Novice: 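Let me begin by handing over the structure; questions about it come next.
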6 protein chains.
Amino acid sequence: MSEQDIEQYRVHEAPYYRPVGDELELYRAAYDARMPVMLKGPTGCGKSRFVEYMAYELGRPLITVACNEDMTAADLIGRYLLDADGTRWQDGPLTTAARIGAICYLDEVVEARQDTTVVIHPLTDHRRTLPLEKKGELVHAHQDFHLVISYNPGYQSLLKDLKQSTKQRFGALDFSYPEAAVEAEVVAHEGGVDAQTADKLVQIAHRARNLKGHGLDEGISTRLLVYAASLIAKGIAPAAACTMTLVRPLTDDPDMRETLDQAVATYF
Amino acid sequence: MSEQDIEQYRVHEAPYYRPVGDELELYRAAYDARMPVMLKGPTGCGKSRFVEYMAYELGRPLITVACNEDMTAADLIGRYLLDADGTRWQDGPLTTAARIGAICYLDEVVEARQDTTVVIHPLTDHRRTLPLEKKGELVHAHQDFHLVISYNPGYQSLLKDLKQSTKQRFGALDFSYPEAAVEAEVVAHEGGVDAQTADKLVQIAHRARNLKGHGLDEGISTRLLVYAASLIAKGIAPAAACTMTLVRPLTDDPDMRETLDQAVATYF
Amino acid sequence: MSEQDIEQYRVHEAPYYRPVGDELELYRAAYDARMPVMLKGPTGCGKSRFVEYMAYELGRPLITVACNEDMTAADLIGRYLLDADGTRWQDGPLTTAARIGAICYLDEVVEARQDTTVVIHPLTDHRRTLPLEKKGELVHAHQDFHLVISYNPGYQSLLKDLKQSTKQRFGALDFSYPEAAVEAEVVAHEGGVDAQTADKLVQIAHRARNLKGHGLDEGISTRLLVYAASLIAKGIAPAAACTMTLVRPLTDDPDMRETLDQAVATYF
Amino acid sequence: MSEQDIEQYRVHEAPYYRPVGDELELYRAAYDARMPVMLKGPTGCGKSRFVEYMAYELGRPLITVACNEDMTAADLIGRYLLDADGTRWQDGPLTTAARIGAICYLDEVVEARQDTTVVIHPLTDHRRTLPLEKKGELVHAHQDFHLVISYNPGYQSLLKDLKQSTKQRFGALDFSYPEAAVEAEVVAHEGGVDAQTADKLVQIAHRARNLKGHGLDEGISTRLLVYAASLIAKGIAPAAACTMTLVRPLTDDPDMRETLDQAVATYF
Amino acid sequence: MSEQDIEQYRVHEAPYYRPVGDELELYRAAYDARMPVMLKGPTGCGKSRFVEYMAYELGRPLITVACNEDMTAADLIGRYLLDADGTRWQDGPLTTAARIGAICYLDEVVEARQDTTVVIHPLTDHRRTLPLEKKGELVHAHQDFHLVISYNPGYQSLLKDLKQSTKQRFGALDFSYPEAAVEAEVVAHEGGVDAQTADKLVQIAHRARNLKGHGLDEGISTRLLVYAASLIAKGIAPAAACTMTLVRPLTDDPDMRETLDQAVATYF
Amino acid sequence: MSEQDIEQYRVHEAPYYRPVGDELELYRAAYDARMPVMLKGPTGCGKSRFVEYMAYELGRPLITVACNEDMTAADLIGRYLLDADGTRWQDGPLTTAARIGAICYLDEVVEARQDTTVVIHPLTDHRRTLPLEKKGELVHAHQDFHLVISYNPGYQSLLKDLKQSTKQRFGALDFSYPEAAVEAEVVAHEGGVDAQTADKLVQIAHRARNLKGHGLDEGISTRLLVYAASLIAKGIAPAAACTMTLVRPLTDDPDMRETLDQAVATYF
């Protein structure tokens with residue numbers, strides 16, 4: 001892979017990231033030990049942003065893969081393509097990352113077929129190798145290569161969970177929504193509203209998050225608060241902005257919608 | 001993609017669209033913030049027409065994808081095709097839209113395999129990127145690109161629903177049948193009948209819509225009212241026209257058919 | 001497609017069709033309005049023959065697709081084939097019909113995978129377009145193109161039914177077995193027997209149709225009556241001809257076979 | 001297809017077939033009317049042999065397809081193959097039979113995926129056509145083409161049965177084991193044993209057939225009796241020959257084996 | 001296929017096989033009548049060795065196919081491969097065997113998808129043909145061709161069993177573990193231990209075989225006894241050798257392991 | 001395969017392995033007898049390291065395959081690839097190992113589809129052959145070839161287990177966590193901490209392992225202890241290091257997390 005191709009995976013500007021605990025220090029130590037890392041937490045709380053931030057700080061390229069049920073091992077590792085001169089091997093994102101020493105981030109890895117995750121095993125122990133069985137090549141990972149996965153424990157079920165033999169290959173960091181003051185700071189910065197409006201939005205979110213498990217599958221994420229703020233910043237009335245971004249996407253249940261609408265009405 | 005190819009996706013004439021609330025204003029603000037938008041509502045109430053109208057108004061090409069269960073990620077993103085000189089990459093509709101700055105409308109997205117929808121994630125957050133993993137390219141979306149999805153909450157089931165991590169990437173707009181006066185206006189304009197006939201058709205629809213959940217899966221849509229009007233305009237007796245377009249397509253249940261036939265007989 | 005290729009889809013001789021109600025008038029009006037049409041009714045009652053008759057009368061080519069569970073969207077729309085010079089796009093029957101202005105008849109559409117039917121949606125509303133996503137082309141349907149589907153309500157089940165968003169894109173015509181006099185006329189004409197024999201066969205059918213739902217899944221169709229008549233016309237004894245064509249194909253249940261045999265014995 | 005290729009499907013010698021009723025006459029009339037025929041009966045009772053005999057008598061080539069669950073429509077109809085000059089269409093057995101005017105015999109059609117059988121529909125009504133959708137060709141069947149299917153009603157289940165819309169396209173002939181005298185004649189002729197030994201074997205079979213449904217899924221077929229006779233003709237002791245061919249293949253249940261062994265011991 | 005290619009399937013040295021009944025005589029008679037043969041019995045009791053022995057004795061090449069659930073009809077019959085000059089047909093093992101007159105041994109045929117086994121039907125009756133439908137060729141089997149299948153009745157279940165129409169095409173031979181004296185002879189010969197040690201191993205096996213159905217799915221096979229003997233011959237202490245080969249492979253149940261360990265301790 | 005290609009599979013440095021019983025002696029005897037070996041034990045207890053150690057000691061190349069549910073027989077055996085001159089056969093890892101005389105280690109073989117494991121059968125008995133059915137070649141294994149599989153009995157279920165006919169082809173070795181003193185030695189050596197810290201980590205693990213089956217699916221593995229030690233060696237506070245590596249990866253259950261946290265707090 002040419003230096004130019006690698007360039008597209010570099011994070012050129014520092015992403016906005018507001019640390020909420022000792023996650024920076026722990027990640028750095030894990031990276032120094034080349035220990036694979038698992039990020040756990042609900043949707044929209046900043047896991048992807050965190051990885052991007054660490055990639056920027058450590059000066060490593062970042063290759064992100066959004067995992068899904070249809071993903072096969074070949075989608076990670078690579079495959080033969082037909083060329084003018086016959087077949088040509090095309091590295092997959094995991095192989096590319098292993099070769100160029102990138103951080104490879106497998107987002108929502110629990111969505112991938114449980115057994116597809118087995119292909120990452122030899123990269124996560126002392127061997128740090130990736131067998132390309134179809135090519136008959138054994139890739140030894142670049143010394144800077146690092147593997148990071150994320151998953152949302154709320155989705156766990158008997159059918160979809162990582163195997164212990166996979167879990168026990170990662171150190172794990174828990175993520176959650178930031179505390180109120182920090183989250184308001186994020187909403188104001190990212191959504192372009194004043195501190196007071198951001199505070200109100202965060203308070204609405206806190207009310208909704210208490211409903212998780214009592215009619216809501218998931219609370220309002222920081223991302224949705226930023227969405228609401230963005231609409232307000234574009235001149236939309238706050239109540240309409242909140243309905244569009246904090247209520248309607250979450251649920252179609254009339255009772256739950258009314259509860260959320262009332263929470264909005266309390267503040268706007 | 002050549003300018004000529006883009007041209008085929010442009011909406012050249014203003015589609016007939018009758019606004020029913022603040023949906024134009026909200027969409028424009030969401031577009032300005034490049035916030036992805038989800039349109040919710042029953043079949044045949046005008047969601048597709050609305051997107052077409054917004055594409056015309058904003059002067060953007062519109063690429064529509066009718067989602068279905070057999071659709072794979074490759075159908076959205078693209079694939080390698082064999083050429084005289086080997087393989088050639090063919091962008092899928094989502095990739096095309098991201099490159100040319102089109103509005104990409106994923107119709108009935110809930111029909112797609114739940115995890116296929118994961119591929120739109122990196123296009124819907126601050127990254128606005130689309131990784132073409134098979135090609136080893138990271139597409140940065142055109143600044144005018146906008147993503148819109150639709151789905152019908154009535155179809156929701158435990159097996160088929162969007163994941164929260166997908167839902168929480170969209171602002172949402174609710175759609176429903178327009179109020180009587182507006183709907184009659186639409187039926188008269190589109191179906192070519194006089195106001196009185198249109199009124200009667202809308203009243204039949206109102207009766208049928210009350211049966212939703214009491215034997216009917218779905219009410220009579222505006223589209224079917226326009227169908228009935230069209231047949232009447234072609235000289236078919238109104239009762240026969242209504243039977244063919246408002247009763248028989250909806251249900252095979254004899255009792256329900258009789259109830260609907262009586263509703264028709266009340267007006268024609 | 002060359003004019004010669006189109007020619008093979010033309011109906012050159014008037015098919016024998018005996019109207020049973022106002023179906024000719026209704027179809028013509030629907031065709032004039034380019035409203036898609038759904039034909040409902042039991043097997044072997046003449047739905048396919050009716051479409052053929054209308055195609056002949058309207059002077060349009062007819063492209064019939066027998067739908068089945070293995071049919072993919074590509075089977076309707078088209079696919080890339082490998083050629084001496086690389087890949088070549090091959091239109092599917094739906095695309096061909098849309099281009100040349102044929103009547104496209106999707107027979108037993110309910111057999112197709114429920115979500116495959118989604119691909120016909122953009123052809124059935126005001127857009128009248130067919131996106132060939134794999135080719136990156138948006139086909140605008142020929143002004144004479146018409147879409148007709150058939151299905152047998154008796155097969156409906158929770159697993160296999162058209163979605164409301166599909167149903168509500170069609171005007172519907174009910175088909176059933178013709179009344180006794182008309183059906184006897186058809187049997188005599190098609191099977192080559194005298195009026196009296198035809199009468200007897202129709203009366204046997206009437207007895208059997210009363211057993212539908214009481215041990216028989218479906219009544220004896222007009223087609224089977226024509227089969228019986230044909231064997232009789234070839235010199236087979238009527239009772240043996242009826243056993244072979246009206247009893248044995250329908251059921252393997254000994255009681256039901258005896259009941260049907262007695263019905264035959266009453267007349268022959 | 002060259003005359004030489006057709007030649008391989010011809011039946012050059014009269015197969016040994018012993019008629020048991022009016023099946024020859026009925027088949028000939030059905031063939032004259034080109035009415036598709038369905039053969040019903042248990043395994044090993046002579047259905048395949050009967051079709052071969054009719055093909056010989058009518059002087060038509062015979063193309064047999066052993067249906068199975070993995071068979072796709074393309075296996076019947078044909079597919080594109082890659083050639084030195086690009087793709088080349090290869091007719092499937094059904095298409096070949098339709099073109100050359102052969103008898104096409106779909107053996108155990110109920111094993112094919114239920115909806116795959118839909119592809120034979122347009123060949124079985126007045127149209128007698130076979131649309132090759134992938135090739136864009138509409139094959140008009142040769143005037144001598146005839147379609148025959150077989151199935152074993154004993155296998156019928158809710159999951160695997162022909163649809164009524166398929167069944168009602170065939171005249172049906174029932175097959176069963178021949179009566180004792182006829183069957184002994186067949187066993188003696190085919191197995192090379194004297195009349196007395198053949199008699200005994202048939203009597204053993206009669207005992208076993210009474211156990212069908214009482215511990216045995218299926219009775220002893222004529223084919224197995226011929227197997228037993230063949231071993232006896234090679235010098236194996238009759239009891240050992242019967243155990244190997246009439247008992248062990250049928251069942252692993254110890255009680256049932258003992259019952260069958262006793263039946264054998266009664267005669268040998 | 002060149003004579004050299006056939007050579008690789010020949011059995012050049014007489015395999016060690018110790019007859020346990022009249023199986024040699026019965027197989028020879030079945031082979032003379034070209035009657036297909038089914039071998040029934042538990043794992044590791046010598047079925048594969050028996051076929052090898054018969055192939056050696058009859059001087060026929062032997063082609064063995066280990067059947068599995070993923071095996072398709074094409075894996076047995078053959079397929080088109082892409083070549084420098086387009087596609088080239090590659091015979092599968094069944095086709096090869098039919099052409100060169102080999103014994104084709106389908107091992108554990110019940111593992112193959114039930115309906116895939118249908119492809120062997122025309123090879124197992126008087127026709128002795130194999131239709132290569134994709135190639136449009138009808139292979140007439142070589143006069144020396146013979147078909148043998150094996151299956152383990154212990155695996156039978158409602159989901160996985162041969163159909164009667166398949167079973168009734170074979171003569172069947174039962175296999176079981178040899179009697180004590182014969183088995184000890186085999187173990188001593190194959191494992192390289194003295195008669196006394198072999199005796200003890202066989203006695204341990206007899207104890208374990210009584211546990212079949214009472215906590216063990218299957219008894220200790222002759223093969224495992226040979227394994228134990230081999231380790232003892234290499235100098236491993238008998239108890240350790242037995243634990244590694246007779247206990248641990250069979251079960252992970254602690255109680256059952258203790259029972260087996262005690263059986264071992266009784267003798268060593 | 002060139003000597004250079006083989007070189008990449010050689011183990012050049014002695015892996016750190018601390019024997020815990022007579023496993024070295026037993027493996028050597030099994031290897032001398034070329035008896036296939038099955039390694040049983042929980043995740044992260046050193047099975048892969050053991051195989052690597054034996055490969056180093058015996059001077060054989062080692063080819064490891066991480067088995068998974070999507071793995072087909074072709075992934076083990078090989079397949080045809082398209083080349084400039086047509087197709088070219090590419091050996092799979094099992095075939096390569098059989099040809100070059102490597103140790104082939106199928107890791108977590110129980111993850112592979114149960115019936116895919118059937119392809120290893122002819123390599124595991126006296127034949128030591130591997131039929132490449134698609135290539136029409138019968139590979140006779142190199143005299144040094146050895147087959148090793150691993151599986152974790154804790155994962156066994158009715159749906160996923162090896163068949164007896166597979167199990168009875170292997171001698172088996174049980175693996176477990178080493179005793180405290182040995183494990184502390186390993187943790188200190190691999191993780192870079194002093195003996196006292198290593199002791200504490202092992203004692204935490206012992207507490208957690210008692211919870212297996214009482215809320216934990218699996219105990220803390222030696223690998224995770226090494227992870228914890230590595231973070232401590234990088235300067236992370238021991239409690240934080242333990243939380244990240246010993247608690248969070250294992251479970252999301254709040255009660256179980258608290259129990260584990262308390263176990264950590266007892267020592268650090």
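These figures come from a predicted structure and were not determined experimentally. Numbered from 1 within each chain, the chains take letters A, B, ... in sequence-line order. Below, each value reflects all heavy atoms present in this structure, side chains not excepted, and no hydrogens, waters or symmetry copies.
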Novice: Over all heavy atoms of both residues, which pair between E:Val118 and D:Cys67 is shortest? Give the atoms and the distance, please.
Specialist: CG1-O, 3.2 Å
Novice: Where the side chain of E:Lys167 meets the backbone of D:Arg248, is there a donor-acceptor pair that is under 3.5 Å apart?
Specialist: no
Novice: Are more than 12 heavy atoms from other residues, nucleotides or ligands located less than 6.0 Å from atom CD of E:Glu137?
Specialist: yes
Novice: Which value, rounded to the nearest 0.5 Å, describes the distance between D:Ser230 atom OG and E:Arg34 atom CZ?
Specialist: 12.5 Å
Novice: Sort D:Pro93 into side chain, backbone, both or neither according to what part of it lies under 4.5 angstrom from a heavy atom of chain E.
Specialist: side chain
Novice: Given the rule in the side-chain contact (heavy atoms from CB on, under 4.5 Å) test, do D:Glu108 and E:His121 qualify, once you have shown the distances and angles that lead to the verdict?
Specialist: CA-CA 11 Å; D:Glu108 304 206 43; E:His121 284 195; 3.7 Å; yes
Novice: Tell me which of these, D:Thr245, D:Asp107, D:Leu231, D:Asp217, has more heavy-atom pairs under 4.5 Å with chain E than the rest.
Specialist: D:Leu231
Novice: Please indicate whether D:Glu7 has more than 12 foreign heavy atoms, meaning atoms of other residues, nucleotides or ligands, lying under 6.0 Å from its CD.
Specialist: yes
Novice: Please report the shortest heavy-atom distance between D:Thr251 and E:Lys40, naming the atom on each side.
Specialist: O-NZ, 4.0 Å
Novice: Roughly how far apart are D:Arg223 CZ and E:Phe170 CZ, rounded to 0.5 Å?
Specialist: 10.5 Å
Novice: Do you know which two heavy atoms are closest between D:Tyr227 and E:Thr124, and how far apart they sit?
Specialist: OH-O, 3.1 Å
Novice: Does E:Leu138 offer a backbone N or O that forms a donor-acceptor pair with the side chain of D:Gln8 under 3.5 Å?
Specialist: yes
Novice: Pick from E:Val37, E:Asp174, E:Asp22: which one makes a side-chain contact (heavy atoms from CB on, under 4.5 Å) with D:Met244?
Specialist: E:Val37
Novice: So which part of D:Glu52 gets closer than 4.5 Å to some heavy atom of chain E, the side chain, the backbone, both or neither?
Specialist: side chain
Novice: Between E:Gln168 and D:Ser221, does any side-chain donor sit less than 3.5 Å from a side-chain acceptor?
Specialist: yes
Novice: For D:Val226, is it the side chain, the backbone, both, or neither that has a heavy atom closer than 4.5 Å to a heavy atom of chain E?
Specialist: neither
Novice: Please look at E:Arg28 and chain D and tell me whether the side chain, the backbone, both or neither of the residue comes under 4.5 angstrom of a heavy atom of that chain.
Specialist: neither
Novice: Is D:Leu76 close to chain E through its backbone or its side chain, or both, or neither, when contacts mean heavy atoms under 4.5 Å?
Specialist: neither
Novice: So do D:Leu224 and E:Arg169 actually touch side chain to side chain, heavy atoms under 4.5 Å?
Specialist: no
